[in-house]
Number of protein chains: 2
Amino acid sequence: MADIARRPDHRYGNRPTMKDVAARAGVGLKTVSRVVNGEPGVTPDTERRVQEAIEILGFRRNDSARVLRKGRTATVGLVLEDLADPFYGPLSRAVEEVARAHGALLINGSSAEDPYREQELALALCARRVDGLIVIPAGTDHRYLEPEIRAGVATVFVDRPAGLIDADAVLSDSFGGARDGVAHLIAHGHRRIGFIGDRPRIHTASERLRGYRAAMEDASLPVEDAWVSVGSTGPERVRSAVREMLAAPEPVTALFAGNNRVLVTVVRALSGHPRRVALVGFDDIELADLLGITVIAQDAAALGRTAAERLFRRLDGVDEAPERVVLGTTLLARGSGEIPPPSV
Amino acid sequence: MADIARRPDHRYGNRPTMKDVAARAGVGLKTVSRVVNGEPGVTPDTERRVQEAIEILGFRRNDSARVLRKGRTATVGLVLEDLADPFYGPLSRAVEEVARAHGALLINGSSAEDPYREQELALALCARRVDGLIVIPAGTDHRYLEPEIRAGVATVFVDRPAGLIDADAVLSDSFGGARDGVAHLIAHGHRRIGFIGDRPRIHTASERLRGYRAAMEDASLPVEDAWVSVGSTGPERVRSAVREMLAAPEPVTALFAGNNRVLVTVVRALSGHPRRVALVGFDDIELADLLGITVIAQDAAALGRTAAERLFRRLDGVDEAPERVVLGTTLLARGSGEIPPPSV
DNA sequence: CTGAAAGCGCTAACAA
DNA sequence: TTGTTAGCGCTTTCAG
């Protein structure tokens, strides 16, 4: 164990290089390169010899070196919030499929909703010279990406817009979706409607709150402070918000849940409640159909696909001004949103 | 557009290099390298000059070149089946967290349950010289990875074991979990129990079927062919399996669902059924608690974490024989598994 | 059709 | 404390 371990020139666990293959096959280095890359201009016989040497040596091209030379990595980076969130899984997968169609691989990481971590990750990806970057922002200031974008890293924001820089963004219509959902409750007779959402510094969260207020205002309904609760999506916080809204002297008769995590907790909280409370949630969740939960659904996969396609269009050299694409949402009426208020 | 686009020597979108920084700061190349890497032996004053130049030029180290030199990429690859599957999200996230703790990034891709795609992906990751590879196998022959492993790519299989090679694997106890679940149904009086699972070439699927048979045999119960249905997890196939099992002259009184996707479809199918049919599923799913669905839960995050920790232990030079780690499952009784058979 | 030489941007090893 | 030189493994260029 003492001296055997020291083999400083055997990196990558001692892998053969093109040079080794060339030596073994008795050809020049460039010929090996040609064969490996399927370039024309090699005799079938020579090619066979090279292939044999590759086989025997177990050669596999070192893409790090290739990248260094070619300047393109055929890799895109995806910075998202939490890979474990069921909303981001399909989004990520959609990005991956588009990348695959373009021969690129995907490096992804989670920011955990921490702006610092988002930046750290995005810059680490840039240091690896990803060709492009898709970012679901955690922070609200993306000026740190300006040098990178200027240097040629194609960048598309998705789910939430970039902060303080002009860049492509693909979003769902959070405002319109929330407004529609709340209007739906109003149409079913509700006048006191509670809103439970995520922290307002998150763009989608504040947009949905704005949609809620707009729908109330459109119907000339007041909004009392006690009906709005925003903050962490942790179960404790959401549970207590539900409890308080329902325990008030004039309790809300309907609730709007601002995202998938809030919705899950609200559903749990309401399941133990004696009175039937109407509910509409933003984001569809699995089995919501069986539970009869009315939701505003957004298409996570379409979000990812659209963003990725835009990214690769940029990488193909299309040079338009940054644009904001907004995808529509769908109201899925399944029962919970159609429960009338008790008084009616 | 004609000649402007041709700037062959301006790669990476024309980014400054250490050489540029050195020139600007009036120092040597190596000094810049020292500053960038936080190595000692640089005067505060020199350091400041270099930092300034870095700032002005918008320099960011090119990790591709660094990797080529150092031989380690600080990247691990994860080949999974489908990033959009809610089972793999938490697994992937857990791997990511461990990688992050070790300063590594994660490249991941989905095989879509296609062995060829798995191989293609795994080898592409090897070509990029990932330090390690975590694979959820789609195929059953992993000899193609032998040269890579021999060349030093640390490799850990997770969720399913490797085929035809000796390698680390971290698995859930599919056999024991399924046996427990079926035994649970038997304990509640069922004698005719149906099993609906995934394609048997998938290791977990065949193990779960084996667990089902073992439980039946332990209770000296026969298993009729019509009670076992394996194949694609597509909704149509699963729906028709449910329909047939319940339409038989002597219908099953309970069902065991072999994985999360099967379970979801079975729940939907049963929700429209007049008779109450007992049900236990493998894998917990969101909101299953509210629907009262009894499941055998496995810990996807623990699976990912354990595999990743093992991987990094290998990368730290630990050299033990390949090992198989099996994590236990938990039966969560919520109602559907405790429904008695009609006759009782 | 084939190969030798230069160099991508960085770090290791050694000088100064 | 600082700089110079040689390469990492590949592709590009250009000459045979």
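Quick note on labels: first sequence line is chain A, next is B, and so on, each numbered from 1.
Nucleotide C:dA6 holds its P atom 22 Å from the NZ atom of A:Lys70, rounded to whole Å. In this structure, A:Asp45 atom CG and C:dT2 atom P are separated by 9 Å, rounded to whole Å. Atom-to-atom, CE of B:Met18 to C1' of C:dC10 comes out at 6 Å; the value is rounded to the nearest Å. With rounding to whole Å, B:Arg129 atom CZ is found 9 Å from D:dG9 atom P. Here the C1' atom of nucleotide D:dG3 and the CG atom of B:Leu29 are 9 Å apart, to the nearest Å. Atom CZ in B:Arg49 sits roughly 15 Å away from atom P in D:dT1 (whole-Å rounding). Remark: P of D:dT13 and CZ of A:Arg69 are 8 Å apart, rounded to the nearest angstrom. Protein atom CZ of B:Arg66 is 12 Å distant from nucleotide atom C1' of C:dG9, rounded to whole Å.
Between the side chains of A:Ser110 and A:Asp82, no donor-acceptor pair is found at a separation under 3.5 Å.
Side-chain atoms of B:Arg160 never come within 3.5 Å of backbone atoms of B:His203 as a donor-acceptor pair (strictly under, hydrogens ignored).
A close approach under 4.0 Å does not occur between any side-chain nitrogen or oxygen of A:Ser64 and OP1 or OP2 of D:dC8. Between D:dT1 and B:Thr43, no contact under 4.0 Å exists linking OP1 or OP2 to a side-chain N or O. Within the structure, a side-chain polar atom (N or O) of B:Ser33 is placed less than 4.0 Å from OP1 or OP2 of C:dT11. An OP1 or OP2 oxygen of D:dG3 is reached within less than 4.0 angstrom by a side-chain nitrogen or oxygen of B:Thr31. Contact annotation: A:Thr46 reaches the phosphate of C:dT2 (side-chain N/O to OP1 or OP2, under 4.0 Å).
With D:dG3, C:dT11, C:dT2 as the choices, the nucleotide that has an atom nearest any side-chain atom of B:Val27 turns out to be D:dG3. Distance from the side chain of A:Val42 is smallest for C:dT2 among the nucleotides C:dT2, D:dG9, C:dG3.
A 4.5 Å side-chain heavy-atom check between A:Ile165 and A:Phe157 finds at least one atom pair inside the cut-off. Two residues are said to be in side-chain contact when any heavy atoms from C-beta on lie closer than 4.5 Å; A:Glu97 and A:Arg305 fail this criterion.
Comment: A:Arg15 engages B:Glu148 in a salt bridge, judged by a side-chain N to carboxylate O separation of less than 4.0 angstrom.
Across all strands shown, B:Asn37 has heavy atoms under 4.0 Å from sugar-phosphate atoms exclusively, and none from any base. Among the protein residues, A:Arg34 comes within range of the nucleic acid bases, having at least one heavy atom under 4.0 Å from a base atom.
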